[in-house]
Amino acid sequence: MENTHSTKSKDTISPLVAWAFSLGTAIGWGSFVVTTNTYLKSAGPAGSIFGLLIGAAVMLIISLNYHFLMNHFSGSGGIFTYASEALGADFGFIATWFMALTYISIFWANATSLPLFAKYLLGDFLRFGAHYSIFGYEVYVNEAVLSIAAMLLTGVLCINFRRFMGRLNLFCVLFFSIAIAVCFVVAMFRGGTSIDFEPSFAPSSSAFSQVLRIALISPWAFIGFEGISCATGDFGFSRKKSFAILRAAVLSATALYLFVILLSISAHPAGFKNWFDYIKNCGSLNGIDALPPFFAARHYLGNTGIALLFGALFALIITSFLGNVMVLTRLIAAVSKKGILPKKFGELNREGIPANATKLIIGISCFIPFLGRTAIGWIVDVTSINATIVYSFVSLAAWKLAKKEHRAKEEAAGFSGLVLMVLFAILLILPNLFTESAIATESYFLFIAWSILGFLAFHNVLVRDNEGRYGKSSIIVWIILSALILFMSLIWLAETNKEAIAHVLSEISDFTHGLATPEEYIQGEAEYMRRAMTDIHVSNMQSSVVVILLFAIQLIIMVSNAMIVSKHDAERAKATNIANTDPLTGVKSKHAFLEYENRINARLQSGEKIDFAVVVCDVNGLKQINDTLGHKAGDAYIQEACRLICTLFKHSPVFRIGGDEFVAILSGTDFAERSEIMKKLNAQAESNRDNKSGVVVSAGISDFCKDEDLSILTVFERADALMYERKKELKGLR
């Protein structure tokens, strides 16, 4: 039975387990696939190695920023906590929004890789029965069920077997690290000088652009290594060790990527002249031959090599499952505790696990396998940009805090990380600036859709925000999301039109080379060209309409959000005004005085020089009037006293802090003329007392002394003492 009152996790994570979670979350199925499809194909071994080393160096800077923030903030929650506390609640929301998509998309990618794993291992064993095509990818229901079953099993294990999951994750990380290292060492030892590393770079573009492209996607290659920052509450060790753990994870991941890259080019099947010829044609091959690292492992170690790498691949999927679920559940728990999500998602069960958060993740994920691998590929494509945005916020938070605390080393790391991540984001988003586009055209649209969903999610946050935490800097959130939507929309429009033109040019080329259909030749060249231009025009119009609709949706949500913020501001202002106003006299209340006192004290503590005086007033004879004439007459007496005080101190705030006690804080003109005003007040009090008509007010005044007073309290106490002396004096005169 769940302990719905538990809010503290059990300290069960050791440094070794933390390293395993960090490394296991950072790499997954992609460490085998991407090294072939992206790294080697687009940059060759030299470009991949140099690009990864640059990316690792950048990630070490990001590690320094995480280390600083993990030690600065005591709670868990990772980027949500850091951005919210250092930059503002709205920044915390937007950083968490993009990070959530990154973590969960990697979880989806590894879940939908299981059918591919089964295909390579078992052939077409699962590819039978009901199936359909989506986004050009054949989806078999059996394969989707396999992915869903794996996700459900992960959820059950993570909810109920916390300690076992930690041990399993550690075992899997050690296994795949050793297995990959063994295959690499054997390949290098047995291949020796016969290994052909030429060409060092892919022949498609310059060496600089290839290295830059690999470096730019390094956030994708390493994303997840920082995930342990979301679970610092689970640490059973000092957070001062966090940088050593993060550094070890980054260096371990880099080494494993390099091992797989070099292993992949160390051997190739007969019939291919070099590694590039082999990699380029992998898509037309089947079985083990279609996986370069597996082919090389079999080449040098036989079936033992295949068993080692298949075991490593399965272990990579398991660690990615466990790591991403762990990170997401902690992130959701932290968000729910701030009221963005229902509180139940932050509750821990007896194992110290956010069980409801785990169920939420698995529930959302269960329909994803039915979309096929192509759609998942687009999601993963966006993770580089998402990771870059998140690392930018982390670096900005670290820089701001370090600058405030005058910590030069941490300030330099924060500023460096921020500059690098902004540069990475620009180079990633802008296609063909220095390198070929790093993301697919569909990925731009997906990013736009996710940003618009961010507006909707923020709308829900504003509706639920009764404490006024959000909306204070919401204009910044709107500017960031609006700029992203605008920028990505324009790029998507340009890329879509470019693809339409390329498609039409390809058809024209077919027509001129005699490859068109007989019906098209019967129409004639002029008609064919007219239809081709019409197709381009229609494609441009459709894309433009989509962009306009996206902007319209964004505008509607922005206006709605602005109205919510305005409404909440008005409600809070009204509530504040009620709380700060004395209902009987209309002057400021005791609550307002306490707030005013805090503001004055804050200015004094900051070293600001202020000239002010405090006047404490008390209404004489109120009890006698209440006892003899009733409380209604007593209220009228208090109101008359208030009018007298406000008339005399007309340039100063007046507060009613008790039944018959008022305070005025003098500054400016009233402060300069305080002696004359006090003489008038005292003379009026004596006249009213002697004539037995009108209100009698006793008052004491004291100036702020910068050499003696540290706060307004001591000034008030002196004025209060003088007021009582004046009260006795007036009674003595009577």
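Bear in mind that the values here come from a model prediction, so they are computed numbers and not experimental data. For this chain, numbers begin at 1 and follow the sequence in order.
Residue pairs meeting the side chain to side chain donor-acceptor pair (under 3.5 Å) criterion with at least one member in residues 305-315, sequence neighbours excluded, do not occur.
Considering CD1 of Ile217 and CD1 of Ile223, their distance stands at 13.5 Å, rounded to 0.5 Å. The CD atom of Glu226 lies 4.5 Å from the OH atom of Tyr66; values are rounded to the nearest 0.5 Å.
By the 30° and 60° cut-offs, the orientation of the rings of Phe161 relative to Phe164 is perpendicular. Using bins of under 30°, 30° to 60° and over 60° for the plane-to-plane angle, the ring pair Trp450/Trp97 lands in the parallel bin. The aromatic rings of Tyr39 and Tyr257 lie tilted to each other, with the angle between the two planes from 30° to 60°.
The two residues His67 and Phe243 make their nearest non-hydrogen contact at ND1-N, 3.2 Å.
Applying the side chain to side chain contact (heavy atoms under 4.5 Å, CB included) test to Phe184 and every residue at least two apart in sequence or in another chain returns Met188, Phe259, Leu262.
Taking the six-membered ring for Trp and the full ring otherwise, the centers of Phe310 and Phe294 sit less than 6.0 Å from each other.
Not a single donor-acceptor pair under 3.5 Å links the side chain of Ser320 to the backbone N or O of Leu316. Without hydrogens or angle criteria, Arg247 side chain to Ser242 main chain gives no donor-acceptor distance under 3.5 Å. Side-chain atoms of Asp289 do not come within 3.5 Å of backbone N or O of Leu285 as any donor-acceptor pair. No donor-acceptor pair under 3.5 Å is formed between the side chain of Asn386 and the backbone N or O of Leu101. No donor-acceptor distance shorter than 3.5 angstrom exists from the side chain of Lys241 to the backbone of Pro15, with no hydrogens or angles considered.
When each of Cys230, Ser336, Ser229 is paired with Leu331, the side chain to side chain contact (heavy atoms under 4.5 Å, CB included) condition holds for Cys230 and for no other.
Side chains of Asn324 and Thr25: a donor-acceptor N/O pair is absent below 3.5 angstrom, by distance only.
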